[in-house]
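The structure under discussion appears below in the form of structure tokens.
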Amino acid sequence: MKIISDIQELRSQLRGQNRASFVPTMGNLHEGHLSLMRLARQYGDPVVASIFVNRLQFGPGEDFDSYPRTMDADIAKLEKEGVYVLFAPHEKDLYPEPQEYRINPPQQLGDILEGEFRPGFFIGVCTVVMKLFSCVQPSVSIFGKKDYQQLMIIRRMVQQFALPMQIIPAETIRAEDGLALSSRNSYLSQIERTEAPQLKIALEALRQEILSLGASDPKQFLRLEQKAKDALIARGWKPDYIAIRQQKDLLIPSSTDNTHLVILAAAKLGKTRLIDNLEV
């Protein structure tokens with residue numbers, strides 16, 4: 001595996017590779033990330049991964065400085081998966097000057113849910129992803145469904161800018177007890193890690209209630225959302241949101257189109273903020 005930090009060197013290395021499959025990450029790789037590498041191999045060749053902790057998507061007081069960085073272990077895992085190139089730029093490589101040009105997703109998609117509780121988050125995500133796409137120029141890129149809103153925003157960005165590539169969604173990878181794998185899970189104490197699967201359990205219970213209603217009465221959804229929040233609060237969680245939305249656009253379900261839904265949630269357990277979702 002070739003490890004490259006310089007953009008021009010990366011482009012030289014990939015010159016003529018018209019079927020590159022790309023997986024962008026922020027490192028601290030776990031089985032969820034590695035499953036993306038395996039999926040990438042099915043859709044293109046060679047497989048290119050990136051590791052870059054993107055300052056632009058972290059807000060004031062968030063965990064940019066403490067975000068886990070495990071480069072040596074990550075390299076060993078990527079080599080085992082047969083990744084061809086690891087693009088691991090330093091900040092000065094990717095942002096040699098202040099990044100004054102930013103990509104701002106539409107408010108109705110970028111300022112809700114995660115965007116409401118993390119202002120500017122998706123501007124930072126879109127900006128760095130667009131820049132990484134420019135560097136790698138892949139034919140496909142893999143994004144996990146765990147970050148459901150991010151996946152939708154990136155897909156729309158690729159479509160609206162007519163980028164010559166395809167975004168492939170990957171199913172969420174979970175631990176045996178149901179907790180969605182995340183780099184931030186390492187922040188959990190032993191007691192919190194035992195409690196953490198309750199987020200998935202709450203979403204499963206909510207999904208069953210939606211199915212029992214036959215998805216026929218969106219007015220009931222607000223009551224069900226609050227019921228799910230209350231159940232977590234009673235266990236010591238601090239939910240930011242639990243929201244039932246349309247899969248196609250993340251809007252509040254209408255009475256005429258509510259057969260393909262998704263439940264999205266974000267909640268703090270101790271100091272750790274976890275996100276998850278379930279399609280209905």
Side-chain angles (χ1 to χ4, degrees), residues 30-36 39 112-118 142-153 155 168-255 257-280:
H30 49 66
E31 181 58 29
H33 294 111
L34 302 182
S35 72
L36 303 184
L39 186 60
I112 62 173
L113 303 170
E114 282 297 283
E116 177 183 352
F117 287 90
R118 302 183 67 187
I142 315 296
F143 285 80
K145 282 188 176 182
K146 185 181 80 71
D147 298 288
Y148 202 93
Q149 187 176 6
Q150 172 180 279
L151 168 63
M152 179 171 288
I153 287 173
R155 269 180 148 173
I168 304 295
E171 297 298 328
T172 300
I173 303 299
R174 300 181 181 276
E176 290 185 4
D177 59 8
L179 177 64
L181 298 188
S182 169
S183 296
R184 289 186 169 95
N185 290 352
S186 62
Y187 297 161
L188 296 167
S189 70
Q190 186 174 355
I191 294 175
E192 290 168 346
R193 177 60 186 82
T194 302
E195 170 66 20
Q198 291 296 326
L199 181 59
K200 167 75 165 4
I201 291 171
L203 298 190
E204 286 279 14
L206 180 51
R207 176 162 67 177
Q208 289 305 313
E209 293 198 82
I210 294 170
L211 293 174
S212 69
L213 286 174
S216 60
D217 187 2
K219 294 179 181 178
Q220 294 284 348
F221 291 164
L222 285 176
R223 177 182 62 82
L224 296 179
E225 290 171 357
Q226 190 59 52
K227 181 180 177 182
K229 289 180 189 177
D230 291 341
L232 287 177
I233 291 170
R235 301 186 65 93
W237 292 70
K238 296 179 180 178
D240 282 345
Y241 59 84
I242 296 180
I244 303 167
R245 297 298 173 94
Q246 297 177 159
Q247 289 183 21
K248 64 180 181 180
D249 52 19
L250 299 187
L251 294 180
I252 295 171
S254 68
S255 58
D257 186 10
N258 56 359
T259 55
H260 294 87
L261 305 176
V262 59
I263 310 166
L264 305 106
K268 286 184 179 178
L269 181 58
K271 296 182 178 180
T272 305
R273 187 175 185 273
L274 302 178
I275 65 170
D276 205 343
N277 65 80
L278 285 178
E279 293 179 327
V280 185

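Heavy-atom basis, side chains included; hydrogens, waters and symmetry copies ignored.
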task = Supply the atom-to-atom distance Asp147 CG to Ile153 CD1, rounded to the nearest 0.5 angstrom.
result = 10.5 Å
query = Between Ile173 and Glu31, which heavy-atom pair has the shortest distance, and what is it?
reply = CG2-CG, 4.3 Å
message = Checking Tyr187 against Glu192: is there a side-chain donor and acceptor pair closer than 3.5 Å?
response = no
message = Keeping Asp276 on the side-chain end and Leu264 on the backbone end, is there a donor-acceptor pair under 3.5 Å?
response = no
key: Non-hydrogen atoms of Leu181 and Gly32 that approach each other most closely   = CD1-N, 3.6 Å
key: Side-chain heavy-atom pair Leu251, Arg245 within 4.5 angstrom cut-off   = no
inquiry  = Please find the pair of heavy atoms, one from Ala265 and one from Leu199, that lie closest to each other, and give the distance.
reply    = CB-CD1, 4.1 Å
remark   = Across all chains, not counting sequence neighbours, the side chain to side chain donor-acceptor pair (under 3.5 Å) partners of Glu195 are Arg235, Trp237
ask   = Hey, what do you get for CD (Gln198) to CD (Glu204), rounding to the nearest 0.5 Å?
value = 12.0 Å
query = What distance separates Asp240 CG from Lys229 NZ, expressed to the nearest 0.5 Å?
reply = 9.0 Å
task = Calculate, to the nearest 0.5 Å, the distance between atoms CG and CG belonging to Asn185 and Leu274 respectively.
result = 6.0 Å
Non-hydrogen atoms of Arg118 and Arg273 that approach each other most closely = CD-NH1, 3.8 Å
inquiry  = Can a donor-acceptor pair be found, under 3.5 Å and without considering hydrogens, that links the side chain of Gln149 to the backbone of Ile112?
reply    = yes
key: Steps toward side chain to side chain contact (heavy atoms under 4.5 Å, CB included) verdict (Ile242, Leu203)   = CA-CA 8 Å; Ile242 296 180; Leu203 298 190; 4.3 Å; yes
query = Between Glu114 and Tyr241, does a side-chain hydrogen bond (donor to acceptor under 3.5 Å, both in side chains) hold up when you go through it step by step?
reply = CA-CA 9 Å; Glu114 282 297 283; Tyr241 59 84; 2.6 Å; yes
task = Report yes if the side chains of Glu279 and Tyr148 come closer than 4.5 Å at any heavy-atom pair, otherwise no.
result = yes
remark   = Nearest heavy-atom contact between Pro239 and Leu232 is CG-CB, 4.2 Å
remark   = One should read off an interatomic distance between Arg155 CZ and Leu151 CG, to the nearest 0.5 angstrom, of 5.0 Å
inquiry  = Quick check against the 3.5 Å criterion: does Glu225 have a side-chain atom that pairs as donor or acceptor with the backbone of Ile244?
reply    = yes
task = Apply the test side chain to side chain contact (heavy atoms under 4.5 Å, CB included) to residues Leu179 and Arg174: give CA-CA distance (whole Å), side-chain angles for both, the deciding distance (0.1 Å), then the verdict.
result = CA-CA 5 Å; Leu179 177 64; Arg174 300 181 181 276; over 6 Å; no
task = Determine, stepwise, if the pair Phe221 / Leu261 fulfils side chain to side chain contact (heavy atoms under 4.5 Å, CB included).
result = CA-CA 11 Å; Phe221 291 164; Leu261 305 176; 3.9 Å; yes
request  = Go through the steps to decide whether Gln220 and Arg223 satisfy the test side-chain hydrogen bond (donor to acceptor under 3.5 Å, both in side chains), and finish with yes or no.
outcome  = CA-CA 5 Å; Gln220 294 284 348; Arg223 177 182 62 82; 2.8 Å; yes
note = Between the CZ atom in Arg207 and the CG atom in Leu224, the distance rounded to the nearest 0.5 Å is 14.5 Å
query = Do you know which two heavy atoms are closest between Ala180 and Lys146, and how far apart they sit?
reply = CB-CD, 3.7 Å
task = Establish, from distance only, whether the side-chain atoms of Gln190 and Arg193 form a donor-acceptor pair under 3.5 Å.
result = no
message = Does Ile233 have more than 12 heavy atoms from other residues, nucleotides or ligands lying within 6.0 Å of its CD1?
response = yes
remark   = For residues 261-280, the ring pair (Phe, Tyr, Trp, His ring centres under 6.0 Å) pairs (sequence neighbours left out) are none
Any residue meeting side-chain contact (heavy atoms from CB on, under 4.5 Å) with Glu171, in chain and number order, not counting sequence neighbours = Lys145
